[in-house]
There are 2 protein chains.
Amino acid sequence: MGVTKSEKFTTEQNEIAQLAKVLGHPARVAIIQHLFKINTCICGDLVDEIGLAQPTISQHLKELKNSGLIKGNIEGTSVCYCIDKDNWTKMKNLITDFLELDTSSNCC
Amino acid sequence: MGVTKSEKFTTEQNEIAQLAKVLGHPARVAIIQHLFKINTCICGDLVDEIGLAQPTISQHLKELKNSGLIKGNIEGTSVCYCIDKDNWTKMKNLITDFLELDTSSNCC
DNA sequence: TTTATTCATTGCAATATTACGATTAATATT
DNA sequence: AATATTAATCGTAATATTGCAATGAATAAA
């Protein structure tokens, strides 16, 4: 059926998975890293930087935007994309808490 | 074409994305959390715990196993799945480093 | 106004993912 | 041996994702 049964899981589990999914493509990882590196960003830069076609980059940017991790301000013909710091911090905490599960057990 | 162009990205970007992708499904998040909670785990428990069909759980377990995050030891008719702590720690560091990108800039 | 430039959107093809019923393989139990 | 239990695998259907060419909308430059 190809459709995730979100209703079977907690809100937290769904949120973690949703964020992880957004980061689950190297192009989006690369975009995030680039945005952090240069602070102000134009989509065209990313096309050159990443080497995928412009509509493809645009689509990845849309997903990142939908997730709230980045925001885009229109500036004339270009668009300034950048990290949404508040959401980034929230996301970071959510994922970090999940990853910090105790590994000091003694099974297997 | 539905196929990710991994060759366009760095090894690090691909590794981060690959791990994030594995965590990009609530069932797998739930499985990881459950494994941490009870240390020793049998697949049947997970079917009851999570509420998806046994083949579906089995498939998610396979993906987690392929990623190296968990390992499964056969014990009679049941299988003891648990977190692969070394790999978990490596993965945690990889993701954490990525998430720790500096948010102290002043764009937008 | 005409022409570039920049980026979003649409439409499509190829591939991947999610889910489950049916079956299978293996060990336990009777 | 016959039956039950556990979990992997196979096959299939439904849906999602990835990628790009073509197009469109908007502003900038000539």
Side-chain angles (χ1 to χ4, degrees), chain A residues 1-9 13-14 17-31 34-35 40-67 70-82 108, chain B residues 1-9 13-14 17-31 34-35 40-67 70-82 108:
Chain A
M1 293 133 188
V3 73
T4 300
K5 299 202 163 177
S6 307
E7 74 278 6
K8 301 253 181 183
F9 308 100
Q13 286 163 346
N14 281 311
Q18 213 174 326
L19 277 169
K21 201 171 183 180
V22 172
L23 300 178
H25 193 291
R28 294 192 288 268
V29 170
I31 288 170
H34 193 65
L35 285 179
T40 295
C41 188
I42 295 160
C43 183
D45 284 358
L46 290 167
V47 175
D48 296 341
E49 181 80 14
I50 290 170
L52 296 177
Q54 179 265 323
T56 307
I57 301 292
S58 195
Q59 193 175 307
H60 285 305
L61 286 169
K62 192 179 170 187
E63 282 177 64
L64 286 167
K65 219 168 152 185
N66 284 343
S67 76
I70 70 170
K71 50 187 176 180
N73 301 20
I74 295 171
E75 289 187 0
T77 51
S78 65
V79 177
C80 168
Y81 278 110
C82 45
C108 303
Chain B
M1 291 141 186
V3 73
T4 299
K5 299 204 162 175
S6 308
E7 74 279 5
K8 303 253 182 185
F9 308 99
Q13 285 163 347
N14 281 310
Q18 212 174 329
L19 277 170
K21 201 172 182 178
V22 172
L23 300 179
H25 193 289
R28 295 193 286 269
V29 170
I31 288 170
H34 194 64
L35 286 178
T40 295
C41 188
I42 296 161
C43 183
D45 284 358
L46 290 167
V47 174
D48 295 343
E49 182 80 13
I50 290 171
L52 296 176
Q54 178 267 323
T56 308
I57 301 293
S58 195
Q59 195 176 305
H60 285 304
L61 286 169
K62 192 179 171 186
E63 281 177 65
L64 286 166
K65 220 167 151 184
N66 285 343
S67 77
I70 70 170
K71 51 188 176 179
N73 301 20
I74 295 171
E75 288 187 359
T77 52
S78 66
V79 177
C80 168
Y81 279 110
C82 44
C108 306

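Letters go in sequence order (proteins before strands), and every chain restarts at 1. Keep in mind that the numbers below use all heavy atoms, side chains included, and drop hydrogens, waters and symmetry copies.
One atom, CG of A/Leu61, and another, C1' of C/dT9, lie 14 Å apart when rounded to the nearest Å. The CD1-P distance, from A/Ile50 to D/dG19, rounds to 11 Å in whole Å. The OH atom of B/Tyr81 sits 8 Å away from the P atom of D/dA7 (whole-angstrom rounding). For the pair B/Asn73 CG and D/dA8 P, the interatomic distance rounds to 12 Å; values are reported in whole Å. Nucleotide D/dT18 holds its C1' atom 9 Å from the NZ atom of B/Lys21, rounded to whole Å. For the pair B/Leu46 CG and C/dA19 C1', the interatomic distance rounds to 16 Å; values are reported in whole Å. Separating the CG atom of B/Asn66 from the C1' atom of C/dA16 is a distance of 15 Å, rounded to the nearest angstrom. Here C/dA14 presents its P atom at 14 Å from NZ of B/Lys5, a figure rounded to the nearest Å.
A distance of 10.5 Å separates CG of B/Leu46 from CG of B/Leu52, quoted to the nearest 0.5 Å. Separation of atoms CG (B/Asp48) and CD1 (B/Ile42) is listed at 11.0 Å; rounding is to 0.5 Å. Atom CG in A/Leu61 sits 10.5 Å away from atom CZ in A/Arg28 (nearest 0.5 Å). Here the CD1 atom belonging to A/Ile31 is positioned 5.0 Å from the CD1 atom belonging to A/Ile57, to the nearest 0.5 angstrom. Separation of atoms NZ (A/Lys65) and OG (A/Ser58) is listed at 8.5 Å; rounding is to 0.5 Å.
Base engagement by A/Ser58 is indicated by at least one non-hydrogen atom pair under 4.0 Å involving a base atom. Residue-level contact check: B/Ile74 touches neither bases nor backbone, having no heavy atom under 4.0 Å from any strand. Among the heavy atoms of the strands, none lies under 4.0 Å from A/Lys8. Across all strands, B/Ile42 comes closer than 4.0 Å only to sugar-phosphate atoms, never to a base (heavy-atom distances).
Minimum atom distance to the side chain of B/Gln54 is reached by D/dA7, of the listed D/dA7, C/dT18, D/dG19. If you check D/dA7, C/dT27, D/dA16 against the side chain of B/Thr77, the one that comes closest is C/dT27. For A/Ala53, the listed nucleotide lying nearest its side chain is D/dC20; candidates were C/dT18, D/dC20, C/dT9. The side chain of A/Pro55 sits closest to C/dT10 out of C/dT10, D/dG19, C/dT18.
Proximity of B/Thr56 to the phosphate of C/dT18: no side-chain N or O atom is located under 4.0 Å from OP1 or OP2. In this structure, B/His60 does not reach the C/dT17 phosphate: none of its side-chain N or O atoms is under 4.0 Å from OP1 or OP2.
Along DNA chain C, the nucleotide closest to B/Gln59 and the one closest to A/Ser78 are compared, and the more 5′ of them pairs with A/Ser78. Residue A/Glu63 is the one, among A/Glu63 and A/Gly76, whose nearest nucleotide of DNA chain D lies closer to the 5' end (criterion: closest heavy atom). For B/Thr4 and A/Thr4, each mapped to the nucleotide of DNA chain C holding its nearest heavy atom, the one lying further toward the 5' end belongs to B/Thr4.
Base pairing of D/dA26: its partner is C/dT5, meeting the Watson-Crick or G-U wobble criterion (both donor-acceptor distances under 3.5 Å).
Within 6.0 Å of CD on B/Gln13 lie more than 12 heavy atoms contributed by other residues, nucleotides or ligands.
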